[in-house]
Student: 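Here it is, the structure in full.
Scope of the values below: all heavy atoms of this structure, side chains included, with no hydrogens, waters or symmetry mates. Predicted, not measured: the structure shown is a model, and the values here were computed from it.
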Amino acid sequence: MSEPSTINQKNRPFVRFTGHPTPHYHKEETGLLNSVDCVIFGFYGTELHLLLHRFPYEPLVGHWALLGGFVHPEESIDDAARKTVVKLTGLQDVYMEQVYTFGDVYRVPTDRVITTCYYALIEVEPTLNQLSHEYGATWQPISKVLQLELVYDHFTMFEKALEQLRRKVRYQPIGFELLPEKFTMLELRNLYESILGRPLDKRNFSKKILNMNLLVKLKEKQKGTSRRGAYFFQFDEKRYQELVSRGFLFEI
């Protein structure tokens, strides 16, 4: 498969057919159901979390599942994925990427369904009061998700999405999508440790991040963490884009 692209970028123009369709085009073919499933990641406390809901359909009612839905004739696959995230969380302009298309013949025992998996990175805090009770959705820490049985091939989707996130977070600053506007260095290190699944040296991590000149140190401190308190930082997106235009390479 080609390298995935983010879906929050503007679509490039393409040639659109405006004539009359050929009457017998696809006449002998059979239409298939198309759906999207979203691996929605959030960072809460010190651990990466996954948004799951209780599956509402027989024979797997009550089992944990990813959030998803069917692609309607009037919408693109990207739009269907974006709509799924907005409907559940109420958040717009969420960072999303396409992961993989799952098309095994018997992946869903009741119907022939081809689904395209996406992952999304969002802040957890704004969703805590927004999550719809209709879906029974809840945030689950990654450590717990690894022990759960998800419906169909949803666990495989989760694994592929996490693998892709782990690769990309090391070379692009997409991890900041999971943090609030201001954060401490400890929160940033906890985020990367949770995503990568391994500890990072405190001193080396801070030094490497600060040497990139991508963070703005604020005068405000986080109270209650220590006697002196920890300074807050902000990610400077404009500065990052300027550096990229000059050949800067982000690497953790």
Side-chain angles (χ1 to χ4, degrees), residues 4 6 8 38-52 66 85 89 91 93-97 99 118-128 130-131 137-147 158-218 220-226 229-241 243-244 248-252:
T6 57
N8 54 357
C38 297
V39 180
I40 303 177
F41 290 117
F43 181 69
Y44 191 64
T46 61
E47 190 171 1
L48 191 67
H49 281 58
L50 176 67
L51 192 58
L52 297 173
L66 300 174
V85 174
T89 68
L91 299 179
D93 299 323
V94 170
Y95 183 93
M96 299 182 69
E97 281 195 21
V99 179
Y118 291 75
Y119 77 73
L121 306 180
I122 69 175
E123 292 181 42
V124 171
E125 287 285 356
T127 71
L128 293 180
Q130 182 69 35
L131 293 178
T138 183
W139 288 102
Q140 299 287 349
I142 294 299
S143 57
K144 183 177 179 180
V145 174
L146 294 173
Q147 310 301 321
F158 156 69
E159 287 184 311
K160 279 189 174 292
L162 181 59
E163 179 184 354
Q164 183 167 310
L165 174 61
R166 282 175 171 169
R167 287 198 307 269
K168 191 157 189 177
V169 77
R170 295 183 57 210
Y171 301 105
Q172 290 190 27
I174 61 174
F176 294 102
E177 301 285 345
L178 293 161
L179 293 171
E181 184 177 355
K182 56 184 181 180
F183 50 85
T184 66
M185 189 61 65
L186 175 59
E187 289 173 328
L188 182 60
R189 181 162 53 86
N190 285 338
L191 169 68
Y192 274 91
E193 286 183 337
S194 183
I195 293 176
L196 298 175
R198 56 182 172 85
L200 298 170
D201 182 83
K202 176 181 178 181
R203 181 172 297 179
N204 288 341
F205 177 81
S206 298
K207 182 179 179 180
K208 192 169 189 177
I209 286 290
L210 293 175
N211 285 343
M212 292 182 188
N213 293 319
L214 298 177
L215 301 184
V216 177
K217 186 177 182 180
L218 306 179
E220 184 182 356
K221 288 185 176 183
Q222 184 184 59
K223 299 179 180 180
T225 55
S226 65
Y231 280 103
F232 282 110
F233 292 85
Q234 286 182 328
F235 174 65
D236 192 336
E237 174 67 29
K238 183 178 179 180
R239 173 66 174 165
Y240 170 68
Q241 295 300 335
L243 289 174
V244 169
F248 169 78
L249 295 176
F250 181 91
E251 183 178 358
I252 295 296

Student: Testing the basics here: between Glu125 and Tyr44, what is the closest heavy-atom pair and its distance to 0.1 Å?
Tutor: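 Heavy atoms of Glu125 and Tyr44 come nearest at OE2-CE1, 3.5 Å.
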
Student: With side chains defined as the heavy atoms from C-beta onward, is the minimum distance between Thr46 and Leu186 less than 4.5 Å?
Tutor: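 SC-SC contact between Thr46 and Leu186 ruled out.
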
Student: Would you call the rings of His49 and Trp139 parallel, tilted or perpendicular if under 30° counts as parallel and over 60° as perpendicular?
Tutor: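 Plane angle over 60°, so perpendicular.
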
Student: Give the minimum heavy-atom separation between Val85 and Ala120, together with the two atoms involved.
Tutor: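 Scanning both residues completely, I find the closest heavy atoms to be CG2-CB, 4.2 Å.
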
Student: Below 4.5 Å, heavy atoms only, C-beta onward: do Leu215 and Met185 meet side chain to side chain?
Tutor: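 Yes, close enough: below the 4.5 Å cut-off.
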
Student: For Glu123, give me all partners under side-chain contact (heavy atoms from CB on, under 4.5 Å), at least two apart in sequence or on another chain.
Tutor: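 For Glu123 the side-chain contact (heavy atoms from CB on, under 4.5 Å) partners, ignoring immediate neighbours, are Pro126, Pro180.
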
Student: Taking Leu48's backbone N and O only, do any of them form a donor-acceptor pair with Ser194's side chain (distance below 3.5 Å, no angle check)?
Tutor: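 Between the backbone of Leu48 and the side chain of Ser194 there is a qualifying donor-acceptor contact (under 3.5 Å).
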
Student: To the nearest 0.5 Å, what is the distance between CG (Leu178) and CG (Leu165)?
Tutor: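 Result: 7.0 Å between the selected atoms.
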
Student: Using ring-ring contact (aromatic ring centres under 6.0 Å, His included) as the criterion, list what pairs up with Phe41, not counting sequence neighbours.
Tutor: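 Phe41 satisfies ring-ring contact (aromatic ring centres under 6.0 Å, His included) with no other residue.
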
Student: Taking all non-hydrogen atoms of both residues into account, name the closest pair between Met212 and Ile252 and its distance.
Tutor: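 Looks like CE-CD1, 4.1 Å.
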
Student: Output the distance between atom CZ (Arg239) and atom CZ (Phe248), rounded to the nearest 0.5 Å.
Tutor: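 Interatomic distance, Arg239 CZ to Phe248 CZ, rounded to 0.5 Å: 9.0 Å.
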
Student: Which pairs would a plain distance check flag for residues 197-210, meaning a side-chain donor or acceptor within less than 3.5 Å of a matching protein atom at least two apart in sequence or in another chain?
Tutor:
unit_1 : atom_1 : unit_2 : atom_2 : d
Asp201 : OD2    : Arg203 : N      : 3.3
Asp201 : OD2    : Asn204 : N      : 2.8
Asp201 : OD2    : Asn204 : ND2    : 3.4
Ser206 : OG     : Lys202 : O      : 3.1

Student: Classify the ring geometry between Phe250 and Tyr192 as parallel (under 30°), tilted (30 to 60°) or perpendicular (over 60°).
Tutor: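 Rings of Phe250 and Tyr192: tilted, 30 to 60°.
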
Student: Work out which heavy atom in Cys38 is nearest to a heavy atom in Leu66; give both atom names and the distance.
Tutor: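 Scanning both residues, the minimum pair turns out to be O-CB, 3.8 Å.
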
Student: Would you say the side chain of Phe235 lies within less than 4.5 Å of the side chain of Leu214, judging by non-hydrogen atoms?
Tutor: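 Yes, side chains in contact.
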
Student: For a quick test of reading the model, state the closest non-hydrogen atom pair linking Arg166 to Ile195 and the distance between them.
Tutor: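 What the structure gives for the nearest pair is NE-O, 2.6 Å.
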
Student: Could you pull out all residues at least two apart from Lys217 that satisfy side-chain hydrogen bond (donor to acceptor under 3.5 Å, both in side chains)?
Tutor: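 For Lys217 there are no side-chain hydrogen bond (donor to acceptor under 3.5 Å, both in side chains) partners, ignoring immediate neighbours.
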
Student: I need the Tyr240 OH to Gln172 CD distance, nearest 0.5 Å.
Tutor: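 With rounding to 0.5 Å, OH (Tyr240) is 5.0 Å from CD (Gln172).
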
Student: Can you tell me how far OG1 of Thr184 sits from CZ of Arg189, rounded to the nearest 0.5 angstrom?
Tutor: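 Result: 9.5 Å between the selected atoms.
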
Student: Side-chain contact, heavy-atom cut-off 4.5 Å: Leu179 with Leu191?
Tutor: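 They are in contact (side-chain heavy atoms under 4.5 Å apart), so the answer is yes.
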
Student: Phe183: what forms a ring-ring contact (aromatic ring centres under 6.0 Å, His included) with it, not counting sequence neighbours?
Tutor: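 Partners of Phe183 under the ring-ring contact (aromatic ring centres under 6.0 Å, His included) test: Phe176.
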
Student: On a heavy-atom basis, which atom in Tyr231 and which in Leu218 lie closest, and how many Å separate them?
Tutor: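 Closest approach of Tyr231 to Leu218: CD2-O, 3.2 Å.
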
Student: Just do the side-chain contact (heavy atoms from CB on, under 4.5 Å) check on Ile142 and Phe158 with the steps written out, would you?
Tutor: CA-CA 10 Å; Ile142 294 299; Phe158 156 69; 3.6 Å; yes

Student: Would you indicate whether Gln241, at its atom CD, is surrounded by more than 12 heavy atoms from other residues, nucleotides or ligands within a distance under 6.0 Å?
Tutor: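 Count over threshold, so yes.
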
Student: Less than 4.5 Å apart, any side-chain heavy atom of Thr89 and any of Leu51?
Tutor: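 SC-SC contact between Thr89 and Leu51 confirmed.
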
Student: Go through the steps for Lys160 and Val39 under the test side-chain contact (heavy atoms from CB on, under 4.5 Å), then give the verdict.
Tutor: CA-CA 10 Å; Lys160 279 189 174 292; Val39 180; over 6 Å; no

Student: Distance check, rounded to the nearest 0.5 Å: Gln140 atom CD versus Glu47 atom CD?
Tutor: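 One finds 10.5 Å between CD of Gln140 and CD of Glu47.
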
Student: Could you list the residues that satisfy side-chain contact (heavy atoms from CB on, under 4.5 Å) with Glu220, not counting sequence neighbours?
Tutor: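 Glu220 satisfies side-chain contact (heavy atoms from CB on, under 4.5 Å) with Lys182, Phe232 only.
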
